[in-house]
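In what follows, a single structure is set out as structure tokens and then discussed.
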Amino acid sequence: MSFQIPRGTQDILPGEVEKWQYVEQLARDICRRYNYQEIRTPIFEHTELFLRGVGDSTDIVQKEMYTFEDRGGRSITLRPEGTAAVVRSFVENKMYGQPNQPVKLYYIGPMFRYERPQAGRFRQFVQFGVEALGSNDPAIDAEVIALAMNVYQSLGLKKLKLVINSLGDVESRKAHRQALIDHFQGRITELCEDCQARLEKNPMRILDCKKDRDHELMATAPSILDYLNEESRTYFAKVQTYLTKLGIRFEVDPRLVRGLDYYNHTAFEIMSEAEGFGAITTLCGGGRYNGLVQEIGGPETAGIGFALSIERLLAALQAEGILLPISARIDCYVVALGEKAKEEAVSLVHALRQAGITAEKDYQDRKVKAQLKAADRLQAQYVAILGDDELEKQIINVKNMKTGEQTEVPLASFVQYVKNALV
RNA sequence: GCGGCUAUGGCGAAGUGGUUAACGCACCAGAUUGUGGCUCUGGCAUGCGUGGGUUCGAUUCCCACUAGUCGCCCCA
């Protein structure tokens with residue numbers, strides 16, 4: 001009997017995991033600079049939270065959730081995204097009453113969606129996301145977008161495209177929705193089946209259709225931007241002003257729609273334009289969700305955030321040929337030969353480690369030559385060689401692997417010697 | 001959820017309806033009885049994703065399943 005990893009999941013092994021650590025560390029560091037604090041919520045929640053939060057007409061809820069009944073008869077769902085849970089926690093812990101507003105949070109963790117896997121799409125994937133709750137200042141929209149761009153740019157990604165749009169407020173959206181229905185209704189049969197279904201459910205999505213994108217009705221379709229009321233228009237203009245001030249280049253795409261129900265006003269997406277990146281180019285998606293806190297049972301509170309996938313970020317790095325500055329070097333490898341020396345080596349390695357030095361030794365009972373080879377493979381900077389001769393003289397031979405030079409060092413000052421040599 | 005392609009050692013990759021399944025990398029050992037990166041020599045899959053079927057015989061043909069991959073849908 002042998003086992004296979006579940007579909008759409010992956011093991012992140014040594015050699016690969018360092019990249020994750022690097023990226024996650026960078027994300028945390030950037031959040032610290034922007035004054036966002038980490039929040040950790042459970043990996044599963046009551047199903048109802050996502051029905052309300054994400055929206056029960058969305059694809060995520062309708063066909064992609066990992067939902068099950070627990071032993072107590074509760075309906076539980078593995079979180080498919082992060083925002084609903086953060087908002088739940090915000091409300092449950094009454095963070096709206098905190099002195100510091102807006103409340104600025106971030107999270108990094110696995111999300112689960114039952115989808116058909118392909119490049120850049122998994123059933124378990126890791127999202128890094130931020131949420132700013134409690135401010136209606138367009139400057140916070142710009143800040144959130146800037147934070148996301150900062151993450152990518154700090155890693156050296158160049159082939160990025162930021163697309164923004166405004167979905168308007170409830171009033172604007174309603175007007176636009178009606179205009180869309182009026183526009184398409186008469187000739188809806190000319191569009192694809194999916195679009196025909198969308199007309200009733202969510203006519204905005206028709207604009208996003210890839211099949212019908214060249215249909216003449218698309219070009220003449222009413223743009224959301226023409227239906228924004230005064231307030232929404234001003235808000236969107238402000239966001240753009242701030243982005244420009246921050247030196248962030250963007251494109252306005254009135255057809256950009258987000259897949260989750262809770263968005264309004266600012267919506268944005270960051271895409272990779274790297275060659276051969278495949279069908280899935282979206283690296284990051286986000287937007288404003290002013291009604292969500294109330295929907296989850298809290299007071300009327302503004303909110304904006306984004307989520308990005310670490311998997312896609314790493315794929316973008318690879319597509320652009322960017323190598324992360326990761327070093328897996330070992331400081332000192334202790335080679336021992338002979339029983340006495342082997343015993344001593346155990347203590348020496350221990351002493352090095354106590355001193356904060358990355359140290360390793362042989363556990364395969366290999367010969368000197370093979371131990372040296374192992375040290376070389378581990379990219380050890382120094383190798384300390386201990387045999388009977390050295391033991392007798394109470395010294396140890398320390399070899400610089402780069403230069404090949406070898407020095408006799410008194411055993412008593414060995415750790416100190418290595419420590420100094422490494423500086 | 002729909003359609004196409006793929007599945008051989010740790011990795012890459014050839015191959016055939018019939019005794020021993022190329023090769024490269026990696027790994028192990030030796031040449032060098034205490035010194036790595038180069039070189040040379042030798043070793044390393046009772047096994048060809050899993051389960052059935054066809055056949056005297058299948059890694060090779062057929063079916064199902066599983067997984068990956070590309071595209072659609074959707075999305076991070």
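Residue numbers start from 1 in every chain, and the chains themselves are labelled A, B, ... in the order their sequence lines are given, proteins ahead of strands. These values consider heavy atoms only, across backbone and side chains, with no hydrogens, waters or symmetry-generated copies.
- With sequence neighbours excluded, the residues forming a side-chain contact (heavy atoms from CB on, under 4.5 Å) with A:Arg177 are A:Ile181, A:Pro203, listed by chain and number.
- Judged by distance alone, with hydrogens and angles left aside, the side-chain atoms of A:Glu392 form no donor-acceptor pair with the main-chain N or O of A:Asp389 at under 3.5 Å.
- Taking A:Glu295 as the reference, A:Arg52 meet the salt bridge (charged side-chain N to carboxylate O under 4.0 Å, His left out) condition, with sequence neighbours excluded.
- In the displayed structure, A:Gln37 atom CD is contacted under 6.0 Å by at most 12 heavy atoms of other residues, nucleotides or ligands.
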task = Heavy atoms under 4.0 Å is the rule here; annotate nucleotides 64-71 of chain B 5' to 3' with B where the base is hit, S where only the sugar-phosphate is, and - elsewhere.
result = --SSSBSB

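- Of the two residues near RNA chain B, A:Val126 and A:Lys63, the one whose nearest nucleotide lies more 5' is A:Lys63.
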inquiry  = Let me check I have this right: for RNA chain B, each base becomes ., (, ), [, ] or |, based on Watson-Crick or G-U pairs with both distances under 3.5 Å. What is the full string?
reply    = (((((((..(((.....[....))).(((((.......))))).....(((((..]....))))))))))))....

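- A donor and an acceptor atom never sit less than 3.5 Å apart when one is taken from the side chain of A:Glu269 and the other from the base of B:A76.
- A:Glu16 meets the salt bridge (charged side-chain N to carboxylate O under 4.0 Å, His left out) test with A:Lys19; sequence neighbours excluded.
- Of the charged side-chain nitrogens involved, at least one lies within less than 4.0 Å of a carboxylate oxygen, so that A:Glu38 and A:Arg40 count as a salt-bridged pair.
- Taking the side chain as every heavy atom from C-beta outward, A:Val398 and A:Phe414 approach each other to under 4.5 Å.
- For A:Leu256 and B:C75, the CG to P distance is 11 Å, given to the nearest whole Å.
- Looking at residues two or more places apart in sequence or on another chain, you find a side-chain contact (heavy atoms from CB on, under 4.5 Å) between A:Glu115 and A:Glu64, A:Arg113, A:Arg121.
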Using a cut-off of under 3.5 Å, enumerate the N/O to N/O pairs linking the protein to nucleotides 10-12 of chain B.
none

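- Smallest separation of non-hydrogen atoms from A:Ser172 and A:Asp169: OG-OD1, 2.8 Å.
- Applying the salt bridge (charged side-chain N to carboxylate O under 4.0 Å, His left out) criterion to A:Arg32, with sequence neighbours excluded, gives A:Asp29.
- Every residue meeting the salt bridge (charged side-chain N to carboxylate O under 4.0 Å, His left out) condition with A:Arg288, not counting sequence neighbours, appears here in chain and number order: A:Asp141.
- When rounded to the nearest whole Å, the span between CD of A:Glu408 and P of B:G34 equals 18 Å.
- Residues from residues 142-162 of chain A lying near RNA chain B, meaning a heavy-atom separation below 4.0 Å, are absent.
- A:Val163 approaches A:Met271 most closely through the heavy-atom pair CG2-CE, 3.2 Å.
- Of the residues listed (A:Ile140, A:Ile304, A:Thr266, A:Thr244), the one engaging A:Val239 in a side chain to side chain contact (heavy atoms under 4.5 Å, CB included) is A:Thr266, and it is the only one.
- Across all strands shown, A:Ala307 has heavy atoms under 4.0 Å from sugar-phosphate atoms exclusively, and none from any base.
- Residue contacts shown for A:Leu313 are absent, as no nucleic acid heavy atom lies under 4.0 Å away.
- What you find for A:Thr67 and A:Ser75 is that their closest heavy atoms are CG2-OG, 3.5 Å.
- Put simply, CD on A:Gln371 is 12 Å from P on B:C28, counting in whole angstrom units.
- RNA chain B is contacted by no residue of residues 40-48 of chain A, taking any non-hydrogen atom closer than 4.0 Å.
- For the residue pair A:Ala148 and A:Ile270, the shortest heavy atom distance occurs at CB-CD1, 3.8 Å.
- Salt-bridge annotation for A:Arg88 and A:Glu45: present, with a side-chain N of the basic residue lying under 4.0 Å from a carboxylate O of the acidic one.
- One atom, CD1 of A:Ile270, and another, P of B:A76, lie 12 Å apart when rounded to the nearest Å.
- For A:Gln364 and B:C28, the CD to P distance is 9 Å, given to the nearest whole Å.
- For A:Arg366 and B:C28, a side-chain-to-base donor-acceptor distance below 3.5 Å is absent, hydrogens and geometry of angles not being considered.
- In this structure, the CG atom of A:Leu317 is 20 Å from the P atom of B:A76, given to the nearest Å.
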ask   = Does the pair A:Thr83 and A:Glu131 meet the rule for a side chain to side chain donor-acceptor pair (under 3.5 Å), with working shown?
value = CA-CA 7 Å; A:Thr83 303; A:Glu131 315 288 353; 2.7 Å; yes

Check nucleotides 35-40 of chain B against the protein and report each pair of N or O atoms closer than 3.5 Å, with its distance, or say if there are none.
from: B:U35; atom 1: O2'; to: A:Lys399; atom 2: NZ; distance (Å): 3.1
from: B:U35; atom 1: O2; to: A:Lys399; atom 2: NZ; distance (Å): 3.3
from: B:U35; atom 1: O2; to: A:Gln406; atom 2: OE1; distance (Å): 3.4
from: B:U35; atom 1: N3; to: A:Gln406; atom 2: OE1; distance (Å): 3.0
from: B:U35; atom 1: N3; to: A:Gln406; atom 2: NE2; distance (Å): 3.3
from: B:U35; atom 1: O4; to: A:Gln406; atom 2: NE2; distance (Å): 2.8
from: B:G36; atom 1: O2'; to: A:Asp376; atom 2: OD2; distance (Å): 3.3
from: B:G36; atom 1: N7; to: A:Lys399; atom 2: NZ; distance (Å): 3.2
from: B:G36; atom 1: N1; to: A:Met401; atom 2: O; distance (Å): 2.6
from: B:G36; atom 1: N2; to: A:Asp376; atom 2: OD1; distance (Å): 2.8
from: B:G36; atom 1: N2; to: A:Met401; atom 2: O; distance (Å): 3.1
from: B:G36; atom 1: N3; to: A:Asp376; atom 2: OD1; distance (Å): 3.2
from: B:G37; atom 1: O4'; to: A:Asp376; atom 2: OD2; distance (Å): 3.4

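- Salt-bridge annotation for A:Lys342 and A:Asp362: absent, with no side-chain N of the basic residue lying under 4.0 Å from a carboxylate O of the acidic one.
- For A:Arg249, the CZ atom counts as loosely surrounded, since its 6.0 Å shell holds 12 or fewer non-hydrogen atoms of other residues, nucleotides or ligands.
- The interatomic distance linking A:Gln127 (CD) with B:A76 (P) rounds to 7 Å, in whole Å.
- Atom pair A:Arg113:CZ and B:C73:P shows a separation of 17 Å (rounding to whole Å applied).
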